[in-house]
Amino acid sequence: MRFLFNKQVIFDADSGTLFLADTPDDAVQISNPTKRLLLLLACHQGEVINREVIFKKVWDDFGMVSSNNNLNHCISKLRRILRNLGLEDEVITTVPKMGFMFHQQVAVELLPEPETNTPIEIFNDISMSKNNDSPAASTVAAKAQPSSGKIQTLSIITLFCAMLALCVTIAFWYQHRPEDRREIYIGEAGNCNVLVSVPLPNNTDTESLKKGILNYAQSLNPQCRSDQYVLVIKSNTFRVYSNDLSRLYMMLCGSLRENKAEVCWSLNEPTSSTSR
């Protein structure tokens, strides 16, 4: 998998290298954790990737020890390499109290995989052609043909049944697949970062809805510690009396670093707001 940043720098995730598009021979090799970090950020451009998620995807899942020092070292190294390759803008941005984000203003293009010419082997079975010239060989071949045809037909039927079962399985999974949720940073309320879990409700003006959510959150003036943030999600657990409405839940979340988990609880509205 290869990415092109700002029509200028190529990131080859398979080989773990970064180089200018016009000088591929001068590639810069990066470590495996640094490669996984850049791949994670590039694949989720414009999204804030929480430190806990980075720890898991870059280090913990590969049996390596994760730490803030390791993460900060990789971020600094990536920024320095990208700057040396000519990307003047801040490609990787820090979101205070949250994590890191691949800047959405950077043009990211997924490049096609290079074509490889697979050698085609050509066999000249001379011994077989010689044997077929004899009457005995012709008789044996004539007797063997019906058996070979049956085996071929059976193989085709088996392959067809397997493909049909695979298509049914994929269709069933697609209809019952869970929603792909991502958390998007939309602003600040009080001293908290506000994130929205997408997909958002259908048939809505997304930007208008985000603005409305942020305005409402700011009216509540929530207060967060350094490891907390406000999360807004849509839930289908409870039915709404009208199909035109969507129910959103606003919660306060915090990280349990020692347990590699997050805990969320309800964000109570002040008395002055509930009395209206």
Side-chain angles (χ1 to χ4, degrees), residues 1-21 27-87 89-113 177-186 193-199 226-227 229 231 233 253-262 264:
M1 183 179 293
R2 300 189 307 161
F3 296 86
L4 178 62
F5 301 150
N6 277 355
K7 305 286 186 183
Q8 184 178 358
V9 176
I10 293 179
F11 166 48
D12 190 333
D14 295 327
S15 62
T17 55
L18 286 159
F19 52 89
L20 293 174
V28 179
Q29 186 74 44
I30 57 178
S31 65
N32 286 332
T34 307
K35 174 187 72 175
R36 291 192 289 267
L37 174 59
L38 181 56
L39 181 61
L40 178 64
L41 294 173
C43 289
H44 297 80
Q45 183 185 19
E47 301 175 30
V48 180
I49 308 299
N50 190 282
R51 283 178 175 265
E52 301 300 324
V53 174
I54 296 177
F55 288 148
K56 182 178 186 301
K57 296 294 185 181
V58 175
W59 283 278
D60 297 347
D61 285 354
F62 295 87
M64 303 177 69
V65 178
S66 60
S67 68
N68 284 318
N69 288 337
N70 290 340
L71 175 56
N72 293 334
H73 175 73
C74 285
I75 291 292
S76 299
K77 185 175 182 179
L78 281 175
R79 285 172 173 167
R80 183 175 66 255
I81 293 174
L82 293 172
R83 193 179 301 112
N84 290 340
L85 290 174
L87 296 182
D89 298 331
E90 187 73 6
V91 178
I92 301 174
T93 59
T94 302
V95 180
K97 304 179 184 178
M98 288 300 303
F100 298 93
M101 178 179 68
F102 199 93
H103 205 290
Q104 55 190 358
Q105 298 299 327
V106 178
V108 178
E109 180 181 352
L110 182 61
L111 297 178
E113 294 296 327
R177 73 190 188 283
E179 289 185 329
D180 182 20
R181 290 188 175 273
R182 296 177 290 117
E183 295 176 2
I184 296 179
Y185 172 80
I186 63 172
N193 291 313
V194 180
L195 279 75
V196 175
S197 180
V198 294
S226 60
D227 60 342
Y229 62 94
L231 177 64
I233 65 170
C253 297
S255 299
L256 296 178
R257 178 69 180 92
E258 64 278 5
N259 301 112
K260 300 184 183 300
E262 289 188 343
C264 298

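For K56 and D61, the salt-bridge test passes: some basic side-chain N is under 4.0 Å from an acidic carboxylate O.
Counting only heavy atoms from C-beta outward, the side chains of I10 and L18 never approach each other to under 4.5 Å. For the pair V9 and L20, the minimum side-chain heavy-atom distance is below 4.5 Å. At a threshold of 4.5 Å between non-hydrogen side-chain atoms, the residues R2 and L110 do not count as touching. Residues R79 and E90 are in side-chain contact: their nearest non-hydrogen atoms beyond the backbone lie under 4.5 Å apart. N50 is listed as a side-chain neighbour of E262, based on a closest heavy-atom distance under 4.5 Å. At a threshold of 4.5 Å between non-hydrogen side-chain atoms, the residues Y229 and L195 count as touching. Using a 4.5 Å cut-off on side-chain heavy atoms (C-beta onward), I30 and T17 make no contact. Side-chain contact check for M101 versus I49: every heavy-atom pair is 4.5 Å or farther apart.
The CG atom of L78 lies 10.5 Å from the CZ atom of F100; values are rounded to the nearest 0.5 Å. Rounded to the nearest 0.5 angstrom, N32 CG and L37 CG are separated by 12.5 Å. We find the CD-CD distance between Q105 and Q45 to be 9.0 Å, quoted to the nearest 0.5 Å. With rounding to the nearest 0.5 angstrom, the CZ atom of F11 is 12.5 Å from the CG atom of L85. To the nearest 0.5 Å, the span separating CG on N193 from CD on E183 amounts to 11.5 Å. Rounding to the nearest 0.5 Å places CG of D12 at 10.5 Å from CE of M1.
Residue K77 places its NZ atom among more than 12 non-hydrogen atoms of other residues, nucleotides or ligands, all under 6.0 Å distant.
The heavy-atom pair separating L41 from I75 by the smallest distance is CD1-CD1, 4.4 Å. Summarising the geometry of S67 relative to F55, their closest heavy-atom pair is O-CE2, 3.3 Å, with the distance given to 0.1 Å. The two residues A27 and F19 make their nearest non-hydrogen contact at CA-CB, 3.6 Å. Nearest heavy-atom pair across E52 and S255 is CG-OG, 4.3 Å. The two residues D14 and K35 have their closest heavy-atom pair at O-NZ, 4.3 Å.
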Please determine whether ring-ring contact (aromatic ring centres under 6.0 Å, His included) holds for the pair F102 and F5, giving the CA-CA distance in whole Å, both sets of side-chain angles, and the decisive distance to 0.1 Å. CA-CA 11 Å; F102 199 93; F5 301 150; 5.2 Å; yes
List the steps, then state whether side chain to side chain contact (heavy atoms under 4.5 Å, CB included) holds for V48 with I184. CA-CA 6 Å; V48 180; I184 296 179; over 6 Å; no
Dump the intermediate steps for side chain to side chain contact (heavy atoms under 4.5 Å, CB included) on Y185 and V196, then the final yes or no. CA-CA 7 Å; Y185 172 80; V196 175; over 6 Å; no
Assess whether side chain to side chain contact (heavy atoms under 4.5 Å, CB included) is satisfied between H44 and L40, documenting all intermediate values. CA-CA 6 Å; H44 297 80; L40 178 64; 4.0 Å; yes
Report the C-alpha separation of L4 and V108 in whole Å, then their side-chain angles, then the decisive distance to 0.1 Å, and conclude whether the side chain to side chain contact (heavy atoms under 4.5 Å, CB included) test is met. CA-CA 6 Å; L4 178 62; V108 178; over 6 Å; no
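The side-chain tip of R36 points at the ring of F62 from less than 6.0 angstrom away and within 45° of straight on.
Looking only at atom types and distance, the side chain of D60 has a donor-acceptor partner in the side chain of S66 under 3.5 Å away.
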